[in-house]
Each structure stands twice: as structure tokens, then as C-alpha cells.
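Just so you know, these numbers come straight off a predicted model, no measurement behind them. The figures that follow rest on heavy atoms only: side chains count, while hydrogens, waters and symmetry mates do not.
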Amino acid sequence: MRSSKNYSPREEAQKPLPPRSGGQTKSTARSEVAGGFFRLLTANPRGAVNLVLLAGYCAAWLYELAYWFPKDAYGNGLNYWAFTDWLIDYSQGFIRRGLSGELWNLFSSKVPAVAFVAVLSWGLMLIAAFGYARLLARSWKTMHPLTMFGLLFLPSLFVFYQHDHNAIARKEVLGTVTVLLHLLIVEKSLPLGSTGGSAGGSLRRYVSWLIPLNLIVLPAVILVHEANFLLFVPLHGMITLSMLSILTPRGRVKAALWSALLYLPAALTLAGVYLSGTPSNETLLGICEKWLAAGVVREGSCVLPPEQLSGSTLPASLIPMAWTLKQAAAYTRMIVLTNLAAWLVILPVLGACLWYLTRQALYMTLRSRAADGFSALAAKRFGKRFFVLYFLFPLACALPVYFTAYDYGRWFTVTCVNFAMVVASLNLPVREFVVFKSEGAGETREHLDSPAVFLGVSILICVLALVLWLPHYCIFRCDIVRSPLEYFAHTFVVN
């Protein structure tokens, strides 16, 4: 316990943590790592298992790429809805979701539409998946292998996209990449092992790197799909609020006001999208006819039904564009209610699994990275607060998406992936915990629970991760339990 009256947890959070390499030069550190890596693995068997798990996760994604990319780029492997959704443009005037189609127009004379969407979507997905692996790899020495396994293979995390290929090429992957970019900015602004620097310098670095993300990248992502605002901007805002609270002594209210100002461009972009109104059937028909002329869609795909009658042959991605919010909510309610029991089982179960895994991972991170005395009680309280701020709050902000679109598996996966990435980021939770924790002598328990409880619950979660499947959406029936062998056979189909 510190006796100084001038001690401030915020000032401690702003100070760089001492370097973990003991001040060694980079060349010396590299040679020692190369020479003693095998000894390190034998001395740390948990770390060796974690590296095997990380390698298996990366190999699974390379396997998916090798199997699906040729089919997606040169065949009909891509989901038709997802494929055409990327091609909506402004050729008939400004409408929502049109920016991605304008990007394709830049290459339409040289690159086929299918290849363009396949390369773009797979590139973004691999950046996100391997970026997540990089975050987890920073804790390979300290994290328990059961926790690592759960965070790699839980069905509501990146494995969701491997289970269901229909979820590949969806536009929310853009938002996932923006979260990774934001966490990288945090990592570079508040490095764990650097020396020197000041809080003012860290604040300037953070804000200067954040402004392009907020002024250019996030508005562009919202113009690609308006749902990205509700799925990602609240989390971005919460990260910024925490960073400003750490780096400035102005108080949380002023930090909240500055955070809101930084995300005003994203809010104005969303307002502009909805003020543009709902596109008419004629507008959508014009876009479809442009696709038909370019050979993107099949003959007979661009037919509107007579007034008040069914029979439209427009691509499925265009049909919901003409719905009002009231119509979208009505269709969503009708479809979701047919399988409500399955959703009420799978979503809470996977949410509870993620809560337990991240609770343990956060505790292990704080215990291993604490520069001074570690308080288990403070870490437990901090974990609850962290879950509320970075999971429950973004989930609550995303609820309007659940009321207007029935792809519940996708929306829930986005929230789970975002939270898992924030937990694995190290820099943000470690720095925030320094401000949060109370002074006093620390406890050093390895886990929050007793070893028996930890092992029992963790093994159960790992088993569930192998047999549970989170559906993309459910229409006629909803299968939430499947054999893990079906993944290797690529037989999973959304019902």
C-alpha cells in the first residue's frame, strides 16, 4: 500500500510499464529467443499447448481458404444475396448501401464482379481472423489452454464463419476490421513495455491516429451498410471514452462529451442515409438492369410484379431495400417467432460461455501484467464492469438491428467477437485496471474459482464449443447441435 498523499492511479496508468526484456537490445533479444525457444516450451507446457491451438486455428482458416476461394471466385460458392449486396451502387441516385458498388465500378472493366467480391470479402475476413489470433498470441505464455481453446473455437466467435459459408462476404466484416484498427491505435498509444513519453504525448498520438478512422473509415463503413453504425460505433465510443478517461484528468463527463464529438461524423452519416429515404422499386430495377447488362445476374432476374401482387424476380439483396422499418420489423417478428425457443437456448448459452471465458482470460491477464501488488477482489469487480461496458452496452445499442433483421446468429457473433477482441487486446484492460483498482496488498490466486470449478466449467465449455452450432438465421427449423465432423465435410446448410 502506498503512503504518498500525491499518488494517483490515473498518473500510474499513463506511465509506461517497465520493459519486460530487462532493457536488452533487439538483436540480443532475438538471438536469445531463437536459442532458448525450445527450453521455453519445455519449461512452459501450457504455452506449448497454446501455440498448438493457435496453429490449429490458423490452419483451419487456411483450409477454408483453399477449399472455398476457388469456388467463390470462379464458381457459384458465394451466397447470392451477399454477393449482390456488395454491388449496390449510386447509379440511380444516392441510396443506402451503395458505396461498395461504386468501388466495384472502378474495376468493373477489368475484374469480374464475382472475383472482386470474393477477393475483397476473403481478404477482409482473413485480416480479421488472423488479427484476432495475433491478439490472443500475446497471451500464449499466461493463458490456460482450456480458456485459449474456448476463445478460439466457441461457435459465436470467428468459427461461426467457418461453420456457415453463407455468412462469408457479409458487410459487417468491415466493422470488425475497424475494431482491430482501433485496438492497434490503443496499443501504439499506450504501449505496455516502452519507456519515456508523457500522458500529453500519448493523448496526441491517440487522437491524431483516431481522427482518420472517425472522419473517413467509419462513415465509409456506414455508407456500405447502415447497420454497422449500431453494431460497431457504440463499442468504438466506449473504447474512446475509456482512453480519454485514462489520459486526461478532466473527468468522465467531459471525456464523454469529447467522445461524442469525435463520433459525430459517423452519426451524421447515418442521419444522411436515413434522410435519403427508402428507394423505390423503379430505382432498384434500374440497378438490377445495370447488373444484367454487365452479365452479373441471370436473364429474367430484373422483373417487377404488378401492383399489390407478388412475383418479383429481383435479387434478394434488393427486395428488403424497398421495405419500410415497419415492414422489416413485421417480417422479422414472423420469422423469429417460429424458432424462438431455439434462439432462447443457444444465445444465452453461448453468451454465458463467452462471459466465463473472458472473465478468466481477463483475470489471468491482469494477474500476469500487474506492475505492482495485484488485488484479486479488484480484478473480479473490474471484470464485471468490463463485461457491462464492452458487451452488454454494445449489445443493448444493437437491439434495433434484432428487431428489423432476423439474422440473429450474425448480429450476436459480431457482439461476441468485438468483446473477445477487446479482452484479448491487453493494453486497454491493463491500463484501465490501473486506474480502477483500489490500493492495498494483493492476492495471487491463479483463477477466480477453485481449480475443480474452473476445470469442470472450462471442459464443459470446450465440449459445447465442439457440438453447438450457432445458425446464421432460422426459417423452417433451427439446428443448434451438430457433429463436429460436418465442419470438415462442409455440409452445414442454413435452415
Side-chain angles (χ1 to χ4, degrees), residues 20 37 40-64 126 128-163 176 180 183 187 192 349-370 379 383 386-387 390-391 413 416-430 445-468 470 484 487:
R20 300 179 63 83
F37 188 64
L40 178 62
L41 293 182
T42 55
N44 185 6
R46 287 187 180 181
V49 174
N50 285 338
L51 290 179
V52 171
L53 292 174
L54 287 165
Y57 168 84
C58 294
W61 272 107
L62 294 177
Y63 168 68
E64 286 290 291
L126 292 177
F130 287 112
Y132 177 62
R134 172 191 171 272
L135 292 177
L136 286 175
R138 299 176 70 196
S139 301
W140 71 273
K141 295 180 184 178
T142 58
M143 191 175 294
H144 195 282
L146 290 175
T147 303
M148 178 69 77
F149 182 92
L151 290 176
L152 287 172
F153 300 108
L154 196 69
S156 57
L157 297 175
F158 278 100
V159 172
F160 168 80
Y161 300 101
Q162 297 177 347
H163 283 176
T176 305
L180 279 173
L183 294 176
E187 181 181 332
L192 292 178
V349 168
L350 291 178
C353 291
L354 181 65
W355 166 78
Y356 191 84
L357 291 170
T358 53
R359 173 176 175 262
Q360 295 293 336
L362 192 61
Y363 183 90
M364 296 173 195
T365 296
L366 298 178
R367 179 175 175 270
S368 63
R369 296 279 177 168
F386 209 80
F387 184 74
Y390 297 105
F391 182 82
T413 295
C416 291
V417 165
N418 288 345
F419 180 56
M421 290 193 300
V422 173
V423 170
S425 66
L426 292 185
N427 297 65
L428 182 63
V430 169
R445 289 187 300 167
E446 183 176 5
H447 304 294
L448 282 169
D449 307 313
S450 67
V453 172
F454 169 77
L455 291 175
V457 175
S458 298
I459 291 173
L460 176 61
I461 290 174
C462 291
V463 172
L464 292 176
L466 293 175
V467 300
L468 288 182
L470 178 60
Y487 159 71

So [Y] and [X], do their side chains get closer than 4.5 Å, heavy atoms only?
{"X": "F386", "Y": "V422", "value": "yes"}
{"X": "T142", "Y": "T365", "value": "no"}
{"X": "Y390", "Y": "L428", "value": "yes"}
{"X": "T413", "Y": "Y161", "value": "yes"}
{"X": "H163", "Y": "L470", "value": "no"}
{"X": "F391", "Y": "T358", "value": "no"}
{"X": "C353", "Y": "L464", "value": "yes"}

Side-chain donor-acceptor contacts of residues 146-158 below 3.5 Å, not counting sequence neighbours, with atom names and distances?
none

How far apart are the closest heavy atoms of [X] and [Y], and which atoms are they?
{"X": "A133", "Y": "L54", "answer": "O-CD2, 3.9 Å"}
{"X": "L362", "Y": "G383", "answer": "CD2-CA, 3.7 Å"}
{"X": "L366", "Y": "P429", "answer": "CD2-O, 3.8 Å"}
{"X": "M143", "Y": "N50", "answer": "O-ND2, 2.7 Å"}
{"X": "R134", "Y": "E187", "answer": "NH2-OE2, 2.6 Å"}

Angle between ring planes, W61 versus Y57, binned at 30° and 60°: parallel, tilted or perpendicular?
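Answer is perpendicular, since the angle exceeds 60°.
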How long is the span from the CG atom in L455 to the CD1 atom in I459, to the nearest 0.5 Å?
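Going from CG on L455 over to CD1 on I459, the span is 5.5 Å.
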To the nearest 0.5 Å, what is the distance between CZ on F454 and OH on Y356?
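These two atoms lie 6.0 Å from each other.
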Give a yes or no on whether the backbone of S425 and the side-chain of R138 come within a donor-acceptor separation of less than 3.5 Å.
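Looks like yes, one N/O pair under 3.5 Å.
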Whether the side chain of Y132 engages the backbone of L180 through a donor-acceptor N/O pair (distance < 3.5 Å, no angle test) should be reported.
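No; judged by distance alone, with no hydrogens or angles, the pair does not exist.
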